[in-house]
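Data block below; observations after.
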Amino acid sequence: MPKLNIPLILITGPTACGKSALALKLASAFNGAIINADSMQVYRELRILTARPTPEQETQVPHHLYGMIPALQRFSVAAWLEVVRRTINEVAALGQLPIVVGGTGLYMTSLVRGLDAMPDIPDVIRREVRDSMARGRVEVAYEQLRAIDPFAAARVHPHDTQRIARALEVFRATGKSLTEWWQESQSLSLALPKGWIGLVLTSSRGWLHDRGARRVERMIAAGAVEEVATLAALGLDPALPAMKALGVKPLMALLQGNISKNEALEAIKTATRRYGKRQGTWIKQNMISWQTINSEQLENDIDIIFSIISKKLLTLT
């Protein structure tokens with residue numbers, strides 16, 4: 001697939017840092033269209049809990065790839081890469097500036113650098129592995145991973161059920177370890193050219209934690225509990241990606257009467273803080289060359305940001 005050769009802006013940062021607000025300002029100022037790069041905001045049933053743009057915001061400038069996938073469907077980074085490249089080209093063809101925004105680090109780095117080809121896993125193997133892990137202990141599964149792929153095991157946390165399961169599924173399905181696939185696979189040639197602008201929003205930890213906590217409270221007030229009740233009524237497989245969105249598990253427990261509303265609220269706040277920390281680590285490791293912007297000074301520095309973007313866009317056109 002040929003590389004994209006059009007100007008575009010990429011915006012990332014930890015959850016609740018103000019990415020969507022900045023994207024909206026830039027899209028309004030530069031005739032832009034906002035394109036989603038958040039792996040949970042693609043799911044139709046999870047507008048409130050994933051902090052998708054509001055219907056009012058979506059009327060201000062064009063928004064793409066939000067709420068496009070039903071929760072019962074799995075959606076991979078490879079699938080996103082295919083649809084996002086098509087969307088970027090469509091937006092550019094309309095004379096608009098594509099602005100890709102989201103906090104899913106793998107989406108962003110795969111768009112910039114390309115993604116290694118990985119095998120499809122048959123559903124029967126996926127279910128067997130997940131069911132086995134559900135019946136047993138994650139420590140046992142981690143020891144299995146260490147035995148078949150010590151390099152991959154060293155790269156994941158011993159309690160990271162998602163990545164441990166993925167590695168075991170690949171081995172069960174192909175007879176080759178995940179590391180062997182990494183070493184043997186060829187790039188899908190999806191990397192962007194040099195002509196793009198990468199922006200990372202940063203802030204102090206305390207400021208970000210306070211923002212995240214207040215946003216969780218707004219979500220609950222806006223109907224997040226009812227949203228998860230609707231999701232629960234679908235009777236979906238708990239292993240589906242949409243069911244692992246921040247807040248789904250504690251709100252499910254709340255609906256089942258297993259925890260109180262305050263306990264659910266605190267659980268979501270804690271999960272939000274931890275997720276933001278993981279996002280920050282990914283950014284430090286993979287996006288050191290991107291332009292950093294202080295979220296706490298965004299309102300005061302917006303004219304400076306506009307000037308930086310304007311100058312960089314001139315060099316790309």
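Throughout, residue positions are numbered sequentially from 1 according to the sequence presented.
In this structure the side chain of Met133 reaches within 4.5 angstrom of the side chain of Val138, judged on heavy atoms. Side-chain atoms of Val156 and Leu145, non-hydrogen and from C-beta on, do get closer than 4.5 Å to each other. The shortest distance between side-chain heavy atoms of Ile220 and Val225 falls below 4.5 Å. Contact of the Leu8 side chain with the Ile35 side chain is not registered, since no non-hydrogen atoms from C-beta on lie closer than 4.5 Å. Counting heavy atoms from C-beta outward, Val228 and Leu254 have side chains that stay 4.5 Å or more apart. Using a 4.5 Å cut-off on side-chain heavy atoms (C-beta onward), Pro14 and Leu208 make contact. Within the 4.5 Å cutoff, the side chain of Met219 has no heavy atoms near those of the Ile268 side chain. A 4.5 Å side-chain heavy-atom check between Gln291 and Lys312 finds at least one atom pair inside the cut-off.
Partners of Tyr66 according to the ring-ring contact (aromatic ring centres under 6.0 Å, His included) rule, which considers only residues two or more places apart in sequence or in another chain, are His63. Legend: residues meeting salt bridge (charged side-chain N to carboxylate O under 4.0 Å, His left out) with Asp303, ordered by chain and number and at least two apart, are absent. Remark: Gln60 engages Leu24, Gln57 in a side-chain contact (heavy atoms from CB on, under 4.5 Å) (not counting sequence neighbours). In this view, Trp282 satisfies the ring-ring contact (aromatic ring centres under 6.0 Å, His included) rule with no residue, not counting sequence neighbours.
Linking Ile, Leu, Val, Met, Phe, Trp and Tyr whenever their side-chain heavy atoms come within less than 4.5 Å leaves Ile288 and Val112 in two separate clusters. Hydrophobic clustering places Met68 together with Leu111 (ILVMFWY residues linked when any side-chain heavy atoms are closer than 4.5 Å, directly or through intermediates). Hydrophobic clustering (side-chain heavy atoms under 4.5 Å, transitive across Ile, Leu, Val, Met, Phe, Trp, Tyr) groups Leu255 together with Leu46. Taken together through direct or relayed side-chain contacts under 4.5 Å among Ile, Leu, Val, Met, Phe, Trp and Tyr, Trp207 and Val216 form parts of separate hydrophobic clusters. Connection of Leu26 to Ile308 is not established within any shared hydrophobic cluster, with ILVMFWY side chains joined at heavy-atom distances below 4.5 Å, either directly or through further cluster members.
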Hey, can you pull the donor-acceptor pairs under 3.5 Å for the side chains in residues 274-281, sequence neighbours left out?
from: Tyr275; atom 1: OH; to: Gln279; atom 2: NE2; distance (Å): 3.4
from: Gln279; atom 1: OE1; to: Thr15; atom 2: N; distance (Å): 2.6
from: Gln279; atom 1: NE2; to: Gly103; atom 2: O; distance (Å): 3.0
from: Thr281; atom 1: OG1; to: Lys277; atom 2: O; distance (Å): 3.1

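Nearest approach of Arg126 to Glu169, heavy atoms of both residues: CG-OE2, 3.5 Å. Val170 and Thr174 make their closest contact through O-OG1, 2.7 Å (heavy atoms, listed as atom of the first residue, atom of the second, distance). Closest approach of Leu313 and Pro7 over heavy atoms only: CD2-CB, 4.1 Å. The minimum heavy-atom distance linking Ala33 with Val91 is given by the pair CB-CG1, 3.7 Å. The two atoms that bring Val61 and Ser28 nearest to each other are CG1-OG, 3.7 Å, heavy atoms only. Pairing each heavy atom of Ile34 with each of Ala27, the nearest pair is CG1-CB, 4.0 Å.
Applying the ring-ring contact (aromatic ring centres under 6.0 Å, His included) test to every pair with at least one member in residues 72-94, sequence neighbours left out, gives these pairs: Trp80-Tyr107. Sorted by first and then second residue, the ring-ring contact (aromatic ring centres under 6.0 Å, His included) pairs involving residues 208-231 (not counting sequence neighbours) form an empty list. Listed by first and then second residue, the salt bridge (charged side-chain N to carboxylate O under 4.0 Å, His left out) pairs involving residues 32-46 amount to none (not counting sequence neighbours). Among pairs with a residue in residues 60-79, none fulfils salt bridge (charged side-chain N to carboxylate O under 4.0 Å, His left out), at least two apart in sequence or across chains. Judged as a ring-ring contact (aromatic ring centres under 6.0 Å, His included), not a single pair has a partner in residues 214-242 (not counting sequence neighbours). Listed by first and then second residue, the salt bridge (charged side-chain N to carboxylate O under 4.0 Å, His left out) pairs that reach into residues 234-252 come to none, sequence neighbours excluded. Applying the ring-ring contact (aromatic ring centres under 6.0 Å, His included) rule to pairs touching residues 10-50 yields Phe30-Phe306, sequence neighbours excluded.
Side chain of Ser295 to main chain of Cys17: a donor-acceptor pair is present (N/O by atom type, distance under 3.5 Å, no hydrogens or angles). No donor-acceptor pair closer than 3.5 Å links the side chain of Ser177 to the backbone N or O of Asp149. A donor-acceptor pair under 3.5 Å links the side-chain atoms of Glu296 to the main chain of Ser204, judged by distance alone. Judged purely by atom type and a 3.5 angstrom limit, Lys19 uses its side chain to pair as donor or acceptor with the backbone of Gly13. A donor-acceptor pair under 3.5 Å is absent between the side-chain atoms of Arg86 and the main chain of Leu81, judged by distance alone. Of the possible donor and acceptor atoms, none in the side chain of Arg146 sits under 3.5 Å from a partner among the backbone N and O of Ala153.
Taken to the nearest 0.5 Å, the CD1 atom of Ile305 stands 9.5 Å off from the CD atom of Glu299. Taking CD1 of Ile197 as the reference point, atom CD1 of Ile9 lies at 5.0 Å (rounded to 0.5 Å). Rounded to the nearest 0.5 Å, atoms CD1 (Ile164) and NE2 (His159) are 8.0 Å apart. To the nearest 0.5 Å, atoms CD (Glu227) and OG1 (Thr230) are separated by 7.5 Å. The CE atom of Met243 lies 4.5 Å from the CG atom of Leu231; values are rounded to the nearest 0.5 Å. Separation of atoms CG (Leu106) and OG1 (Thr109) is listed at 5.0 Å; rounding is to 0.5 Å.
Between Glu266 and Lys269 there is a salt bridge, since a side-chain N of the basic residue sits under 4.0 Å from a carboxylate O of the acidic one.
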_As a quick check of understanding, evaluate side-chain contact (heavy atoms from CB on, under 4.5 Å) for Leu246 and Thr272, giving each step before the final call._
CA-CA 7 Å; Leu246 283 179; Thr272 299; 4.2 Å; yes

*asked:* What verdict does the side-chain contact (heavy atoms from CB on, under 4.5 Å) test give for Trp290 and Leu10, after you've listed the backbone C-alpha separation in whole Å, the side-chain angles of each residue and the deciding distance to 0.1 Å?
replied: CA-CA 9 Å; Trp290 291 35; Leu10 311 181; 3.8 Å; yes

*So Glu90 and Leu94, side-chain contact (heavy atoms from CB on, under 4.5 Å) or not? Walk me through it.*
CA-CA 7 Å; Glu90 290 171 353; Leu94 294 173; 5.9 Å; no

*Decide side-chain contact (heavy atoms from CB on, under 4.5 Å) for Asn36 and Val84; before the verdict, give the C-alpha distance in whole Å, the side-chain angles of both, and the deciding distance to 0.1 Å.*
CA-CA 8 Å; Asn36 175 41; Val84 78; over 6 Å; no

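Within a 6.0 Å sphere centred on CZ of Arg163, other residues, nucleotides and ligands contribute 12 heavy atoms or fewer.
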